[in-house]
Amino acid sequence: MTSSTALTAERPATSPPKRQASTAKRRQNVAAYLFVLPFFVVFVAMLIVPLAYSGYLSLFESRLVGGETFAGLANYVRALTDPLFLGSIGRAALFFVIQVPIMLVLALLFALALDSARARGSKAIRLLIFMPYAVPAVVATLMWGYLYGPDFGPIAQLARGVGLGTPEFLTRDSILYAMMNIVTWEFVGYNMIIMYAALRSIPSELYEAAEIDGAGQFRVAWSVKIPAIRPAILLTVIFSIIGTFQLFAEPSLLNAIAGEAITNSILPNYYAYNVAFLNRELNYAAALAFLLGIVIAVTSYIVQLGTERRERRERAAS
Amino acid sequence: MRTSRRTATALGAFAVAAAVAMTGCSGPAENGGQAGPASEEEIEEALNTPTELTFWTWVPDIENEVALFEEKYPEIDVTVENVGQGLPHYQKLRSALEAGEGAPDVAQIEYQYIPSFVLTESLLDLSPYGAGDLSGDYVEWAWKQVAPDEAVWGIPQDVGPMGHLYREDIFSQAGITEPPGTWEEYATAARAVKDATGSYISNLGATQAGQLIGFFWQAGAKPFAYDGQETVSINVNSDEAKEVAAYWTDLIQQDLISTDVDFNDQWYQGLANGKYAGWLTAAWGPVFLQGTAEGTSGLWRAAPLPQWEEGQQVSGNWGGSSDAVLASSENPIAAYELTKFINHDEESALKLATEQFLFPPQNSVLEDPAFLEQESEFYGGQQVNALFAEISETVDTDFQWLPFMEYVYSSYEDTMAPVIAGKGDIAAALDEWQDQLVSYAEDQGFTVE
């Protein structure tokens with residue numbers, strides 16, 4: 001279709017077929033739009049409209065006494081100078097810097113091991129590693145809460161049994177790391193599956209070529225497999241950024257188990273929730289949610305940009 | 001889970017938007033068209049007109065008491081809904097009120113949350129309906145909780161005057177034969193119990209504001225006050241409160257009192273296995289404990305709280321609820337009659353006390369031998385109800401709350417809880433808590449006295 005229009009374009013004399021072609025094209029376009037219409041309706045109604053509305057709301061200020069007044073960007077100014085909010089963003093960033101690399105390296109190692117087909121019972125292992133992802137975050141957190149328990153938790157009992165004393169997992173200083181562990185446990189399998197699927201789609205010619213060049217398993221993994229699945233890895237990084245800044249179930253549930261360790265502003269999403277429902281400042285919460293969205297978007301963009309730039313540099317170098 | 005987390009921004013924004021959208025379209029709810037006092041005929045008519053009422057409560061099996069009401073007034077059909085206990089219940093209630101639709105006619109409201117609903121003009125003043133006449137039928141301090149001034153904002157359902165439950169076996173192992181009468185003796189006993197048995201004499205839940213506020217109440221501190229309009233007074237760091245705080249700081253620093261977060265598995269096990277030799281709790285505690293620590297039946301005893309001065313008998317309150325009629329109800333008379341029936345009718349009130357084990361604020365039940373003389377095997381045959389009935393009379397009557405207790409508690413978790421758990425100076429933490437509360441109140445437009 002495109003080639004025919006391209007040809008006719010050079011010959012203005014045969015314009016009728018061109019018009020015909022464009023009617024056909026238009027009809028196709030209409031059909032295409034009709035197909036995506038249901039999606040757009042839902043997308044606009046459930047995402048764009050609420051988003052715009054909460055943006056609108058974030059411009060107001062409501063007080064328990066005095067009601068609602070227009071506040072302009074006051075909520076945003078307040079958020080940017082709110083030590084609790086900035087602290088929560090800082091903790092989320094720390095979480096990201098420590099937990100995400102550990103989780104993704106583990107996921108990559110598992111994916112490579114499974115893909116090498118050397119591991120026995122790889123199907124069963126794949127399922128086992130993936131299993132935690134199928135456990136709802138609520139259940140996972142409650143389970144880990146029990147495992148961490150200082151009196152009756154098995155880890156504490158074991159540690160006491162061998163004379164190590166009681167490890168403190170659920171204190172204010174350690175709770176962030178305790179959550180990192182829970183989240184890693186939950187999502188290693190998920191990230192592994194993404195990477196594993198990408199690995200399976202690498203054309204086998206590349207391996208043959210590498211073998212002919214005399215590359216061993218590790219060399220193949222490092223020089224063929226990892227570069228080939230770089231887009232998949234980037235995808236898991238971006239998912240992890242979003243996931244980290246939006247952690248909610250974990251702090252919310254651990255609050256019942258270790259309330260003194262979970263401050264109301266431990267992580268940004270949890271803080272926004274508490275501002276809305278405990279402090280009853282919905283407008284301010286809307287502003288926090290917006291800022292959080294911006295932080296996520298900017299971070300994701302920086303990561304993506306950084307990777308693209310490096311790829312371009314590498315391509316230019318080779 | 002990953003998907004749910006990814007959509008969480010959208011959902012979060014949507015939830016905030018939806019919740020705030022509700023604020024937009026509602027003014028203070030109208031009074032249901034009811035101005036003057038309801039006359040006999042109007043009440044008669046309302047109760048004999050087919051009416052549907054909705055009642056939000058989390059009291060288990062309250063359908064039994066509602067059935068009594070429906071039996072008496074067959075024209076009225078009551079739907080009981082449990083939308084959650086405590087915070088989730090209030091969140092849904094506030095959302096429905098702000099949306100202007102979907103709110104129930106009658107709702108259970110704990111005493112400390114009444115002012116927050118008075119502030120938003122969400123509750124119906126029951127005095128024009130004759131509720132003022134009921135004041136003499138309830139213990140005075142409980143009545144004051146629902147009616148601090150002339151208006152009556154609810155009918156007391158249950159209360160939690162505080163007492164002391166302890167393991168007699170552990171105490172006697174430590175050579176303690178009498179429950180400590182004063183806080184000084186309690187501290188001595190705590191040392192004896194710890195040295196002889198390794199148990200903590202009790203636990204002060206690091207995040208449990210209700211318990212510590214109950215101790216403040218007993219000590220005569222008045223941390224909160226609200227005039228029903230726009231003026232609050234906040235005094236969580238008063239001298240009395242600081243004295244209480246210093247007392248607990250000392251015991252915690254000597255490792256005689258544990259500070260585990262309460263009402264979770266860890267803590268239940270602590271009660272069941274003797275980690276804690278006692279529990280300073282409210283009148284709803286005895287039955288609760290029976291379910292939690294079944295294996296220790298017969299070993300527990302109940303006593304009044306230790307006192308600050310010898311020979312004194314005062315207590316505080318922890319917990320308890322009222323039932324209130326919402327101002328948005330279209331059937332205020334019938335709704336009031338339901339509220340009154342559940343918590344005032346002798347049969348219904350006795351049922352609540354003896355079957356659901358809610359500790360009663362009604363004098364009729366508090367004087368009823370069927371209630372008082374119940375002997376509990378769990379407490380070695382002691383008449384626990386009779387004891388708490390006596391304690392109930394010693395609760396200070398003038399205790400008030402702030403119209404934003406959700407924030408008060410959440411701020412407690414941030415300022416007080418880490419200090420309690422970290423064995424720090426609780427009295428100093430009170431100052432920080434005070435500052436947070438005052439600054440929040442001012443930000444919210446209240447006049448702080």
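In what follows, every chain begins at residue 1, and chains take the letters A, B, ... in the order their sequences are listed.
- Neither the backbone nor the side chain of A:Glu61 comes within contact range of chain B, judged by heavy atoms closer than 4.5 Å.
- Contacts with chain A were tallied for B:Asn264, B:Thr259, B:Asp262; B:Asn264 has the most, counting heavy-atom pairs under 4.5 Å.
- A:Ala261 does not touch chain B: none of its heavy atoms, backbone or side chain, sits under 4.5 Å away.
- In this structure, A:Asn264 contributes its side chain and B:Asp414 its backbone to no donor-acceptor pair below 3.5 Å.
- Considering only heavy-atom pairs separated by less than 4.5 Å from chain A, the leading option among B:Gln266, B:Glu406, B:Glu230, B:Glu413 is B:Gln266.
- Expressed to the nearest 0.5 Å, how far CG of A:Asn274 lies from OH of B:Tyr407 amounts to 11.0 Å.
- Interface remark: of the candidates B:Pro418, B:Pro403, B:Gly270, B:Ser411, B:Pro418 forms the most heavy-atom pairs closer than 4.5 Å to chain A.
- For A:Glu260 against B:Ala421, the heavy-atom pair with the smallest separation is CG-CB, 3.3 Å.
- A heavy-atom distance below 4.5 Å is found between the side chains of B:Lys275 and A:Asp151.
- In this structure, CD in B:Gln91 is found 10.5 Å from CZ in A:Arg280, a value given to the nearest 0.5 Å.
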Criterion side chain to side chain contact (heavy atoms under 4.5 Å, CB included) on B:Asn273 and A:Phe152, from CA distance to verdict: CA-CA 11 Å; B:Asn273 69 9; A:Phe152 311 104; 3.2 Å; yes

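- Contact annotation for A:Tyr273: only side-chain heavy atoms (C-beta onward) come within less than 4.5 Å of a heavy atom of chain B.
- Residue B:Tyr440 touches chain A through its side chain alone, counting heavy-atom pairs closer than 4.5 Å.
- Remark: B:Phe263 CZ is packed, more than 12 non-hydrogen atoms of other residues, nucleotides or ligands lying under 6.0 Å away.
- Here the side chain of B:Asp265 pairs no donor or acceptor atom with the backbone of A:Tyr146 at under 3.5 angstrom.
- Atom CD1 of A:Ile262 and atom OG1 of B:Thr207 lie 11.5 Å apart (nearest 0.5 Å).
- Only the side chain of B:Leu87 has a heavy atom closer than 4.5 Å to any heavy atom of chain A.
- With a 4.5 Å cut-off on side-chain heavy atoms, A:Val65 and B:Leu119 count as touching.
- In terms of heavy-atom pairs under 4.5 angstrom with chain B, the leader among A:Ala258, A:Ala256, A:Pro150 is A:Pro150.
- Within the 4.5 Å cutoff, the side chain of B:Phe404 has heavy atoms near those of the A:Leu64 side chain.
- Per-residue heavy-atom pair counts under 4.5 Å with chain B were compared for A:Val49, A:Ile257, A:Thr171, A:Leu170, and the maximum is reached by A:Ile257.
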